[in-house]
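Below: one structure, written as structure tokens.
Remember, predicted model here, so these are calculated numbers, not experimental data. The analysis underlying the following values was restricted to heavy atoms, covering all of them including side chains, and did not include hydrogens, waters or symmetry mates. Letters A, B, ... are given to chains in the order of the sequence lines, protein chains preceding strands, and every chain is numbered from 1.
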There are 2 protein chains.
Amino acid sequence: MDALHPEVAGEFGPLTEYVGYALRRAQLKVFQDFIDTLDELDLRPAHFSVLTVVDANPGILQSRACAALGIQKANFVPLLDGLQRRGLLRRVALNGRANGLHLTDEGRKLLARARRLHDRHERRVLGVMSALERKRLIATLSRIAGLDEVSPRAAPAAARRSPSGSAAAPRRGSAAKRSP
Amino acid sequence: MDALHPEVAGEFGPLTEYVGYALRRAQLKVFQDFIDTLDELDLRPAHFSVLTVVDANPGILQSRACAALGIQKANFVPLLDGLQRRGLLRRVALNGRANGLHLTDEGRKLLARARRLHDRHERRVLGVMSALERKRLIATLSRIAGLDEVSPRAAPAAARRSPSGSAAAPRRGSAAKRSP
DNA sequence: GGGTTTCATTATGGGATATAACCATGAAGC
DNA sequence: GCTTCATGGTTATATCCCATAATGAAACCC
């Protein structure tokens, strides 16, 4: 506890010294900036991530894509409906039950624009740190994100309420298998 | 663009190289672990943060507390109702319209337990990094969180849809001023 | 005292996500 | 060929979290 509770304080009490707190604050900030950035294209972060994944994996199965993104397949449907309705993406029936996902030309074009906006956003965020810092940050964050097996004795009573995180990011824990 | 799009790939495309993506993934992970950790006390992150702030600032105004935590005052009401119903916190009328917030003995006791759990959680997260790394991480994250004035030309069309992604759980951060 | 501001509350709606139940289809086995 | 089972997708439903707007009331200011 000593190392965890230095002097701290201000109005927040010890809050400011917690990694989770710092993480959340930063994430909120960045995410909000990202949302604002993509707003002019009427894209939300989840949309952007879907377009990105489909673009990188043409023909990817709907189930596989949503698993990769950590989105429940049930929630994935209306999301795709929206993108499809806007003519950005197509569901191509593979065999009567499975769909392969493809971007349309328009989808690719919009994604390109989104990427340019995203780059500006990224640069904005990166503006407050050096290249080395960025590298370290991503490395550390990735390590944190992969701490699946880290909490063995933790997560006790859990399983009662559900996460409620968000979509755009891979909430790993979700129920998803891979290929058929 | 060059620096932003190295080689990348896998199933996620360029996603893995984005700071925002890494941030989100890490944040989701940590948050979930935190939620699981506090679950046995029936506390959610928001509860924990409220208890922490009130404990550190006995008698703090309701409005001030929720502003500090970045919670809308409207949403703060049922939150406090819950804590008060559980006998953890009291609203002390100051003058007929303003309430000062105080923890009850029980509230302090529960907070102490929660803090112990939180410490374990924090240590778990910190387990994947060195002390130096942690210091750097918090420093960088804090810098990011404070990049308010960073996006002058950004946030263009914005203001159309509301944030949504903002004030969430230990949204400790968000829009908050400090002292009066 | 009357207008304005501050503080708290109620009411309402939207967004995002989890769950469960439900088809349909393809694959496997006898 | 027909049953059985796993898979992919969809629908429907419940919940949680948060935001906005409107209301009520007290304090503040001239």
Next on the checklist: Among residues at least two apart in sequence or on other chains, which ones pass side-chain hydrogen bond (donor to acceptor under 3.5 Å, both in side chains) with B:Arg108?
Outcome noted: B:Asp105
Item to check | N/O donor-acceptor pair under 3.5 Å between B:Thr37 side chain and B:Leu117 backbone | outcome: no
Checklist entry - Roughly, in whole Å, what's the span from CD in A:Gln84 to C1' in D:dG9? => result 13 Å
Checklist entry - For A:His47, what residues pass the side-chain hydrogen bond (donor to acceptor under 3.5 Å, both in side chains) criterion, not counting sequence neighbours? => result none
Checklist entry - Between A:Asn57 and A:Val53, is there a donor-acceptor pair closer than 3.5 Å when you use the side chain of the first and the backbone of the second? => result yes
Checklist outcome for this item: Among C:dA8, D:dG9, C:dT19, the one nearest any side-chain atom of A:Leu61 is D:dG9
Checklist entry - Does a nitrogen or oxygen in the side chain of B:Gln62 sit under 4.0 Å from OP1 or OP2 of C:dT6? => result no
Item to check | Single-linkage hydrophobic cluster, 4.5 Å side-chain cutoff, B:Leu126 and A:Leu23 together | outcome: yes
Checklist entry - What integer distance in Å separates B:Asn75:CG from C:dC7:P? => result 18 Å
Item to check | Earlier contact from the 5' end, DNA chain C, for B:Val77 and A:Gly96 | outcome: B:Val77
Next on the checklist: If I take atom CG in residue B:Leu79 and atom P in nucleotide D:dC16, what distance separates them, rounded to the nearest angstrom?
Outcome noted: 13 Å
Next on the checklist: Using whole Å, what does the distance between atom C1' of nucleotide C:dT9 and atom CD1 of B:Ile71 come to?
Outcome noted: 16 Å
Checklist entry - Nearest of D:dA6, C:dC7, D:dA21 to any side-chain atom of B:Arg97? => result C:dC7
Item to check | Dot-bracket encoding of pairs in DNA chain D, which uses [ ] for pseudoknotted crossings and | for another strand, Watson-Crick or G-U under 3.5 angstrom | outcome: ||||||||||||||||||||||||||||||
Next on the checklist: With nearest nucleotide decided by heavy atoms, which residue, A:Ala74 or B:Ala74, maps closer to the 5′ end of DNA chain C?
Outcome noted: B:Ala74
Checklist outcome for this item: Taken to the nearest whole Å, CG/A:Asp81 to C1'/D:dG9 is 11 Å
Next on the checklist: Output the rounded distance in Å from CD1 (B:Ile60) to P (C:dC7).
Outcome noted: 12 Å
Checklist entry - Does a side-chain N or O from B:Ser63 land closer than 4.0 Å to OP1 or OP2 of C:dA8, or not? => result yes
Item to check | OP1 or OP2 of C:dT9 under 4.0 Å from side-chain N/O of B:Arg91 | outcome: yes
Next on the checklist: Nearest whole Å is fine: how far is C:dA11 C1' from B:Lys73 NZ?
Outcome noted: 14 Å
Item to check | Parallel, tilted or perpendicular: rings of A:Phe34 and A:His121 (30°, 60°) | outcome: tilted
Next on the checklist: If we ignore hydrogens and angles and just use 3.5 Å, is the side chain of A:Glu122 paired with the main-chain N or O of A:Asp119 as donor and acceptor?
Outcome noted: no
Checklist entry - Under 4.0 Å: is that the gap between some side-chain N or O of B:Asn99 and OP1 or OP2 of C:dC7? => result no
Item to check | Integer-rounded Å distance: D:dG8 P and A:Leu80 CG | outcome: 15 Å
